[in-house]
Student: 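Sharing a structure with you now.
None of the values given here were measured: they were computed from a predicted structure.
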Amino acid sequence: DSFEEHQMRAYMSHFCEYLKLPWDEFIGLGRFNPNNHSEKFSMSVLAVKLSQQVNGVSKIHGRVSRDMFKWLYPGYYSEEIHIGHVTNGVHFFTWTDSIWQELYRSAFGAEFEQNQPDVKYWEAIYNVPDEVIWKNRLILKNKLIADIRSKVKRDFTRRHENPKLMVKSLTKLKDNTLIIGFARRFATYKRAHLLFTNIERLSSIINNKDRPVIFLFAGKAHPNDKAGQDLIKLIVEISKRPEFIGKIIFLQDYDMTGGKLLTSCVDVWLNTPTRPLEASGTSGEKSVMNGVMNFSVLDGWWAEGYEKGAGWAIEENRTFGNQQFQDELDAEILYNTMEQEIVRVYYDVDNKGIPVKWIGFIKNTIARVAPHFTMQRMLDDYYKKFYSKLFVTSKRMRGDGYNNARSLVAWKNKIEGAWNHISVDTLHVPDSSRRPIEFGENFAAELVLNIPGLSVDDIGVEIIMGNKTNGDVDKIKFKEELKAVDVAIGKAKYSCEFPLEHAGVHDYAFRIFPKHPDLKFRMDFPLVKWV
């Protein structure tokens, strides 16, 4: 969310008095560039600036967030920024159907529920007979079918639609038919339209007499999201075409109850977001708790969760810069995977009517994927990565009547006052114009700095090696901090020597930065000088 300055003045101006901040300083907290008066006030920028620990909600989201907010930390590369990640998890007891909870208790043991992230408990699913797994799946599918029939009858009656259409819509619903679910907020980046890129191809998959497929859609669009509403309208219109009646069903009034029913009862959970816009996505995590396989683009949580033999994936990397071309390619991958893998595996049954290979996928999903995406694992990660560190920092800053906090502020003021006076006295580096340093040989450098009013404990110096683009090293290939080898009043000598272990032609630069034991991340005080 971002807001124009006049909106902020209208509703938030009293905060300046409360916080004892001038207006320009307050409004600058929400801007990448505090002095750019045309820039909107961003809640995300405000949150990052006022937080010591920052995280994305999946590994990819953490990486994307570092790229998004790197402009707050000039002089640092996105891969260095302190923004981490904790991948979202889902609450096991809320989203796992009772039939699976009972099975897990009996198969995994009494201690399982208190140790949900421990994979060894989940691996006991391999000892459960295939017949039991399949019986659970059929019980849940029949539960879903009964609910859909009741809902469709109610909706058709309420809208006074043709009874023949209603009957035709319901006769196709059978528990031995492959059912694929797609239910979520209808934002355009979710690409609900992808399945309908090639209607003829889709029809051939759905209407295969020996191996039919049913698609269930549900979800809502924001009242102001016309494009999202149009997607829903498109799906509803396609579902009324003769070849898709009863094969593509849009379920109205989507809510949490409907969400739990779908994520626990369908056979496959489909997700087709535009890369890399899926921050995490949790509906697929809910499905794996119930032995439902995912088929998704490798974005958000699925980029970490995907295991071969435990679902299906469309690769993370884009092939085309043009989104329309990428959509068409992803649609073809979607159709091919359904035809050649998903449908074939589902309908490959033994003489008892049990799809043994499919159940192998279910067991792999439960054993290899589900334990990594519980709420318990997520909370453990937050505590280990972030909360425990914040407790230590908070205790130190509050201790001794906040003297440590005051000391840190005084140090920052000292650095800011002296920073522009730091200068290079001498710099000795190898002369590569005479003879390049070869792979394995030592690189040695010596740098003498003028640091009036500062000590060597106040600053650090490091060498950055990489390839230059437009005069700047664009990606770090090697980084090492120099050692202070000689100190005098107002001067400090730094040196480094190391073997070159990266082949190729490299550029390098030296970076000077402030150092303090209570500065948890350099980016918290982003003063940088390049040499």
Student: Thinking salt bridges, do E5 and R31 make one under a 4.0 Å N-O criterion?
Tutor: yes
Student: So, taking the atom named NE2 in H193 and the one named CD1 in I238, what distance separates them when rounded to the nearest 0.5 Å?
Tutor: 11.0 Å
Student: Taking C-beta and beyond as the side chain, do L173 and I214 meet within less than 4.5 Å on heavy atoms?
Tutor: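 The answer is yes; the side chains approach within 4.5 Å.
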Student: To the nearest 0.5 Å, how far apart are CG in L144 and CZ in R149?
Tutor: 10.5 Å
Student: For the side chain of Q101 and the backbone of F93, is there at least one donor-acceptor N/O pair under 3.5 Å apart?
Tutor: yes
Student: Do the charged groups of D130 and K363 touch, with an N to O distance under 4.0 Å?
Tutor: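 Salt bridge: yes.
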Student: Does D253 pair with K151 as a salt bridge, N-O distance under 4.0 Å?
Tutor: no
Student: Between H85 and H61, is there a side-chain heavy-atom distance shorter than 4.5 Å?
Tutor: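 Answer no - side chains too far apart.
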Student: Should the ring pair Y382 and F386 be called parallel, tilted or perpendicular, given that the plane angle runs from 0 to 90° and is split at 30 and 60?
Tutor: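 Aromatic pair Y382/F386 classed tilted.
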Student: E501 and F478: side chain to side chain contact (heavy atoms under 4.5 Å, CB included), yes or no, with the steps?
Tutor: CA-CA 9 Å; E501 297 178 347; F478 176 81; over 6 Å; no
Student: Applying the side chain to side chain donor-acceptor pair (under 3.5 Å) test to E80, which of K479, R66, K70 qualifies?
Tutor: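 Of the listed options, the one satisfying the test is K479.
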Student: What do the steps show when you test R377 against D381 for salt bridge (Lys or Arg N to Asp or Glu O under 4.0 Å), and what is the final call?
Tutor: CA-CA 6 Å; R377 187 275 310 154; D381 282 356; 2.9 Å; yes
Student: Give a yes or no answer on whether the side chain of S239 reaches the backbone of I245 with a donor-acceptor pair at less than 3.5 Å.
Tutor: no
Student: For K385, look at atom NZ and say whether over 12 heavy atoms of other residues, nucleotides or ligands are found less than 6.0 Å away.
Tutor: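 Yes, enclosed.
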Student: Please tell me whether N336 and E332 have a donor and an acceptor in their side chains that are separated by less than 3.5 angstrom.
Tutor: no
Student: Going by atom types alone, do D97 and N290 pair a side-chain donor with an acceptor below 3.5 Å?
Tutor: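 D97 vs N290: no donor-acceptor pair found between side chains.
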Student: Walk me through it: do R241 and I248 pass the test side chain to side chain contact (heavy atoms under 4.5 Å, CB included)?
Tutor: CA-CA 9 Å; R241 293 173 59 156; I248 293 175; over 6 Å; no
Student: Please round to the nearest 0.5 Å and tell me the distance separating atom OG1 of T393 and atom NZ of K520.
Tutor: 4.0 Å
Student: Test your reading of the model: is there a side-chain donor-acceptor pair from K286 to the backbone of T94, 3.5 Å cut-off?
Tutor: no
Student: How close do E39 and N33 get, heavy atom to heavy atom, and via which atoms?
Tutor: OE1-N, 3.2 Å
Student: Is there a donor-acceptor pair closer than 3.5 Å between any side-chain N or O of R137 and the backbone N or O of C265?
Tutor: yes
Student: Kindly say whether T319 contributes a backbone atom to a donor-acceptor pair with the side chain of Q326 at under 3.5 angstrom?
Tutor: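 Yes: the side chain of Q326 pairs with the backbone of T319.
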Student: Going by heavy atoms in the side chains, are T365 and V292 under 4.5 Å from each other?
Tutor: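 Side chain of T365 against side chain of V292, heavy atoms only: no contact under 4.5 Å found.
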Student: Identify the heavy atoms of V119 and A367 that sit nearest to each other, and give their distance.
Tutor: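 The pair with the smallest heavy-atom distance is CG1-O, 3.8 Å.
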Student: For side chain to side chain contact (heavy atoms under 4.5 Å, CB included), just list the numbers for Q53 and F521, CA-CA rounded to whole Å, side-chain angles, deciding distance to a tenth of an Å, and then say yes or no.
Tutor: CA-CA 9 Å; Q53 301 280 0; F521 305 105; 3.6 Å; yes
Student: Run R184 and N271 through side chain to side chain contact (heavy atoms under 4.5 Å, CB included) and show every step you take.
Tutor: CA-CA 9 Å; R184 49 191 42 86; N271 191 22; 3.4 Å; yes
Student: Do M43 and F3 have side chains that get closer than 4.5 Å, going by heavy atoms?
Tutor: yes
Student: Consider only side-chain N and O atoms of E304 and T87, and report whether a donor and an acceptor are under 3.5 Å apart.
Tutor: yes
Student: Rounded to the nearest 0.5 Å, what separates atom CG in L195 from atom OH in Y335?
Tutor: 5.5 Å
Student: If we ignore angles and hydrogens, is there a donor and acceptor under 3.5 Å between the side chains of Q229 and D225?
Tutor: no
Student: Quick one, W134 and I359 - any side-chain contact, counting heavy atoms below 4.5 Å?
Tutor: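 Answer yes - side chains close enough.
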Student: State, with a plain yes or no, whether a side-chain heavy atom of W95 is found less than 4.5 Å away from one of T282.
Tutor: no
Student: Okay, side chain of W302, backbone of F295: is any donor-acceptor separation there less than 3.5 Å?
Tutor: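 Side chain of W302 to backbone of F295: no pair is present.
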Student: CG of N322: more than 12 outside heavy atoms within 6.0 angstrom?
Tutor: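 Atom CG in N322 is crowded, with more than 12 foreign heavy atoms closer than 6.0 Å.
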Student: May I ask you to decide if V48's main-chain N or O and S51's side chain share a donor-acceptor pair within less than 3.5 Å?
Tutor: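 Looks like no, no N/O pair under 3.5 Å.
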Student: I'd like to know whether OH of Y383 has more than 12 heavy-atom contacts from other residues, nucleotides or ligands below 6.0 angstrom.
Tutor: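 It does not: Y383 OH has 12 such atoms or fewer within range.
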Student: So Y104 and F108, would you call those rings parallel, tilted or perpendicular, with 30° and 60° as cut-offs?
Tutor: parallel
Student: Could you pull out the closest heavy-atom pair between S58 and A279, with the gap in Å?
Tutor: OG-O, 2.6 Å
Student: Looking at residues at least two apart in the chain, or sitting in another chain, which of them share a ring pair (Phe, Tyr, Trp, His ring centres under 6.0 Å) with Y189?
Tutor: none
Student: Strictly distance-based, threshold 3.5 Å: is any side-chain N or O of S42 a donor or acceptor partner for the main-chain N or O of V45?
Tutor: yes
Student: Any side-chain heavy-atom pair from V266 and S287 closer than 4.5 angstrom?
Tutor: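 A side-chain contact under 4.5 Å is absent here.
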Student: Just verifying a value: how many Å separate D299 CG and I314 CD1, rounded to the nearest 0.5 Å?
Tutor: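 Between D299 CG and I314 CD1, I get 11.5 Å after rounding to 0.5 Å.
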Student: Do the charged groups of E113 and R105 touch, with an N to O distance under 4.0 Å?
Tutor: yes
Student: Looking at L178 and V268, what are the two nearest heavy atoms and their distance?
Tutor: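 So the two residues come closest at CD1-CG2, 4.3 Å.
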Student: Are the side chains of F41 and Q7 in touch, meaning some heavy atoms are under 4.5 Å apart?
Tutor: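 No, every pair of side-chain atoms sits at 4.5 Å or beyond.
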Student: So that I can tick it off, tell me whether D230 and K226 are bridged by a salt bridge, with the cut-off set at under 4.0 angstrom between side-chain N and carboxylate O.
Tutor: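 Looking at D230 together with K226, the answer is yes, because their closest N to O distance falls below 4.0 Å.
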Student: Does a donor on one side chain and an acceptor on the other come within less than 3.5 Å for N364 and E307?
Tutor: no
Student: Please report the shortest heavy-atom distance between T272 and L194, naming the atom on each side.
Tutor: CB-CD2, 3.8 Å
Student: Is any NZ, NE, NH1 or NH2 atom of the basic residue among R63 and E316 found under 4.0 Å from an Asp or Glu carboxylate oxygen of the other?
Tutor: yes
Student: Can you name the nearest heavy-atom pair linking P117 to T374, along with the distance?
Tutor: CG-OG1, 4.1 Å
Student: State which residue, out of Q376, M289, M375, fulfils the side chain to side chain contact (heavy atoms under 4.5 Å, CB included) condition with F92.
Tutor: M289
Student: Check for me whether the distance between the ring centres of F112 and W122 falls short of 6.0 Å.
Tutor: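 Yes - the distance between ring centres of F112 and W122 falls below the 6.0 Å cut-off.
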Student: Donor-acceptor check, side chain of R211 to backbone of T177, threshold 3.5 angstrom: yes or no?
Tutor: no
Student: Testing F217, F244, F182 for ring pair (Phe, Tyr, Trp, His ring centres under 6.0 Å) with F196, which one passes?
Tutor: F217
Student: Return the OG to NZ distance between S280 and K59, rounded to the nearest 0.5 Å.
Tutor: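 Answer for the OG-NZ pair, S280 versus K59, is 14.5 Å.
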Student: Within the side chain of N55, is there an N or O that forms a donor-acceptor pair under 3.5 Å with the backbone of G84?
Tutor: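 The answer is no, because no donor-acceptor pair under 3.5 Å joins these two groups.
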